[in-house]
Amino acid sequence: MSNYHIKHLEEYFQVYRKSVNQPEAFWEEIAEENFMWRKKWNAVLDWDFSKPSVQWFRGAKLNITENCIDRHLLTRGDQTAILFEPNNPNEPAEPISYKQLSVRVNKFANVLKSKGIQKGDRVCIYLPMIPELSVALLACARIGAIHSVVFAGFSATALATRINDSDCKMIITSDGAFRGNKTIDLKGIVDEALDRCTCVESVLVVKRIESEIQMKSGRDFWIAPLLEKASDTCQIEIMDAEDPLFILYTSGSTGMPKGMVHSTAGYMVYSAYTFKNTFQYTENDVYWCTADIGWITGHSYIVYGPLANGATTLMFEGVPSYPDFGRFWEIVQKHKVNQFYTAPTAIRALAKHGTELVNTYDLSSLKVLGSVGEPINEEAWHWYNDNIGKRNSPIVDTWWQTETGGIMITPIPYVTPTKPTYATLPFIGIQACLMDENGQELKGNQVEGRLCIKFPWPSIARTIWGNHQRYKETYFSAYEHKYFTGDGALRDEVGYYRITGRVDDVIIVSGHNLGTAPIEDAINEHPAVVESAIVGFPHYVKGSALYGYVILKDTGESRKHDNLRKEINQIITEHIGPIAKLDKIQFTDGLPKTRSGKIMRRILRKIAANEMENIGDISTLLNPEVVQSIIDNKL
Ligand code: 7RM
């Protein structure tokens with residue numbers, strides 16, 4: 001199994017070369033030696049980026065839960081699979097062994113079946129970070145149902161849109177969620193969403209906060225009594241390699257969120273293999289990823305990747321600031337965490353509170369630190385390296401996307417020398433390249449362009465649910481025969497990559513991808529608003545924050561601007577969620593437009609970032625005079 005675990009830089013280059021020169025032989029060996037198959041494949045890879053169509057391990061049969069649970073029962077049944085750390089630090093942590101996980105997943109799967117869920121049905125999961133969330137994903141996978149997790153911070157409108165887009169037959173939720181010293185009424189949000197969904201036949205409710213909630217008879221069911229009655233054995237559904245495992249929505253620059261569809265076998269192989277190497281996970285380590293399972297990071301690197309490796313994966317219900325800003329470090333100390341994976345926005349938020357609290361905890365168990373979600377700025381990188389890793393734990397700055405399913409560019413810790421703000425080298429099997437504006441590949445080093453991938457990897461999303469055409473246009477049309485990431489990047493003198501950020505209209509706020517269009521759509525619903533444009537601007541903690549330019553109707557109304565600002569953010573909260581609230585709202589008489597009527601966001605971005613001096617050429621605008629007036633009234 002030498003290929004499975006890279007230990008030296010020489011070995012990385014050697015294995016990388018093999019993965020590029022003989023990709024099929026390479027992935028076949030990884031798949032063959034490290035997973036359980038009910039039937040082997042007829043072909044390792046079929047692909048055509050012009051369709052686009054990608055199939056890995058065609059003809060193979062398997063179930064991912066057999067790989068994540070059953071096969072570990074003999075060798076590590078009593079080892080902790082999921083280590084649950086509750087929101088309240090005084091509530092005891094709950095270690096769930098592989099054996100216990102097996103019982104819980106099997107029972108849960110039987111409950112799903114008893115409610116009529118079958119292979120191929122879509123099940124929406126809207127839960128806080130409690131064990132039932134991981135169990136629900138695995139229970140779906142066990143019976144071949146396609147899960148669609150919606151982050152429990154999304155509003156009723158956002159939830160309804162996602163439920164309807166993929167025609168979910170069931171939703172799994174809880175009475176509510178704990179979040180720091182607050183509780184959130186999840187069931188109330190679900191009820192509101194379901195007023196707009198006719199596809200949902202049943203609602204399973206986990207009791208978490210013991211609040212009074214409405215239960216609609218015949219539709220809503222408490223899950224506890226059903227689990228109690230259910231058998232603890234549920235035969236796996238034998239799945240085709242290419243059967244969809246899950247749908248996960250991600251915002252695009254325009255229109256509806258995109259339901260990215262991930263397959264079974266390729267996703268399993270790639271999430272497991274990247275987990276093993278990116279975190280150098282070794283037997284008995286305790287691994288912690290702080291992401292929410294509502295995002296791809298949680299799917300791949302809290303649930304599937306770690307469990308496929310028989311790892312111990314910590315699941316944290318709470319927030320970094322509760323009961324104080326030392327919570328993360330308290331957890332690292334308490335559970336002797338070895339690998340810690342978080343987002344730059346969290347690092348900056350914690351760094352703001354200094355090192356006094358950090359230094360009261362013993363962080364000596366840490367071996368690897370990870371970063372994901374957005375470019376990590378130099379200051380945050382050093383703070384993380386100095387104060388958390390004590391310059392002893394390499395930082396893996398992992399670049400990847402919902403669409404890629406797994407980590408694509410990253411250092412391998414103790415193997416690849418790190419460099420602040422650089423994601424460094426493509427992972428094994430990843431053929432990254434940079435393209436210029438004319439569609440030519442930029443060869444050699446010290447170049448900057450748009451980041452593309454030239455060859456399929458096992459966990460590439462196979463389509464957008466219900467809209468293959470959009471999948472093709474978004475990812476495979478900008479450059480012929482290449483997957484376009486939407487990110488810009490540069491390659492330094494030794495070939496290391498640095499991601500410079502999105503080149504489209506997606507803004508990443510605290511690690512959450514937000515499309516400008518849905519936010520603008522929400523604002524424009526306000527009766528006093530004519531038009532709006534949202535841009536990102538640099539924010540110390542969030543990475544980017546949102547700046548809104550809003551044109552008001554001339555109603556002669558004397559309503560206070562501050563009230564309007566509140567109302568606008570209220571509408572955004574209702575439509576998308578509090579994460580999309582605007583930090584700044586500037587009322588303006590006009591927006592800079594091209595002659596074809598497109599808002600010139602480039603100019604608005606410069607103004608929001610206070611970079612008026614290099615605003616560039618505005619002579620081609622339809623209304624150049626508006627620019628000065630926006631600058632004069634800048635907040
Ligand atoms: C895993 C995840 C994807 C977008 C991606 C980038 C940005 C993610 C990094 C990063 C710089 C990184 N999936 N991004 N990781 N930028 N350095 N290490 O975040 O679908 O939610 O977002 O996030 O712009 O395209 S995602």
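Read the numbers this way: they start at 1 and go in the same order the structure lists the ligands and their atoms. Model, not experiment: these values are computed from the prediction.
Residues T404 and Y270 have side chains that never bring a donor and an acceptor to within less than 3.5 angstrom of each other. For the residue pair R348 / N377, a side-chain donor-acceptor distance below 3.5 Å is found, with atom types taken as modelled.
Set against the non-hydrogen atoms of I508, the atoms of ligand 1 under 4.0 Å away are 4 (C), 7 (C), 23 (O), 24 (O). Within ligand 1, counting atoms from 1 as listed, the ones closer than 4.0 Å to a heavy atom of V372 are 1 (C). Which parts of ligand 1 touch I296 is read off a 4.0 Å heavy-atom cut-off, strictly below it: atoms 1 (C), 13 (N).
Taking any N or O of T398, backbone or side chain, at least one lies under 3.5 Å from an N or O belonging to ligand 1. Looking at ligand 1, you'll find an N or O of G373 within less than 3.5 Å of one of its N or O atoms.
Classification of the Y267-H262 ring pair by plane angle, with boundaries at 30° and 60°, yields tilted. Note on ring orientation: taking the six-membered ring where Trp is involved, the planes of Y483 and W457 are perpendicular (angle over 60°, cut-offs 30° and 60°).
Of the inter-residue distances, the one linking Y384 atom OH with D397 atom CG reads 10.0 Å to the nearest 0.5 angstrom.
For G486, the closest heavy-atom approach to ligand 1 does not fall below 4.0 Å. Proximity of W295 to ligand 1 is not established, as no heavy-atom distance is less than 4.0 Å.
The protein heavy-atom contact nearest to atom 25 (O) of ligand 1 is D487 OD2, 2.5 Å. Of all protein heavy atoms, the one lying nearest to atom 22 (O) of ligand 1 is N513 ND2, 3.1 Å. In this structure, atom 2 (C) of ligand 1 lies nearest to the protein heavy atom W400 O, 3.7 Å. Of all protein heavy atoms, the one lying nearest to atom 11 (C) of ligand 1 is P375 N, 3.1 Å.
When the heavy-atom distances from atom 18 (N) of ligand 1 to T500, D504, D397 are ranked, the shortest goes to D397.
Figure legend: cation-pi geometry between R162 and F154, with NZ or CZ positioned under 6.0 Å from the six-membered ring centre and within 45° of its axis.
Only backbone heavy atoms of E374 (N, CA, C or O) come within less than 4.0 Å of ligand 1; its side chain stays farther off. Contacts between T402 and ligand 1, counted as non-hydrogen atom pairs separated by less than 4.0 Å, involve both the backbone and the side chain. At a heavy-atom cutoff of 4.0 Å, ligand 1 is contacted by the side chain of T297 but not by its backbone. With a heavy-atom cut-off of 4.0 Å, V506 does not touch ligand 1 at all.
A salt bridge links E85 with R327: the distance from a Lys NZ or Arg NE/NH1/NH2 to an Asp or Glu carboxylate oxygen falls below 4.0 Å.
Side-chain N or O atoms of R122 include none that pairs as donor or acceptor with a backbone N or O of I247 at under 3.5 Å. In terms of modelled atom types and a separation under 3.5 Å, the side chain of N277 and the main chain of Y4 share a donor-acceptor contact.
Listed here is the closest heavy atom pair of S510 and E374: C-OE2, 4.2 Å.
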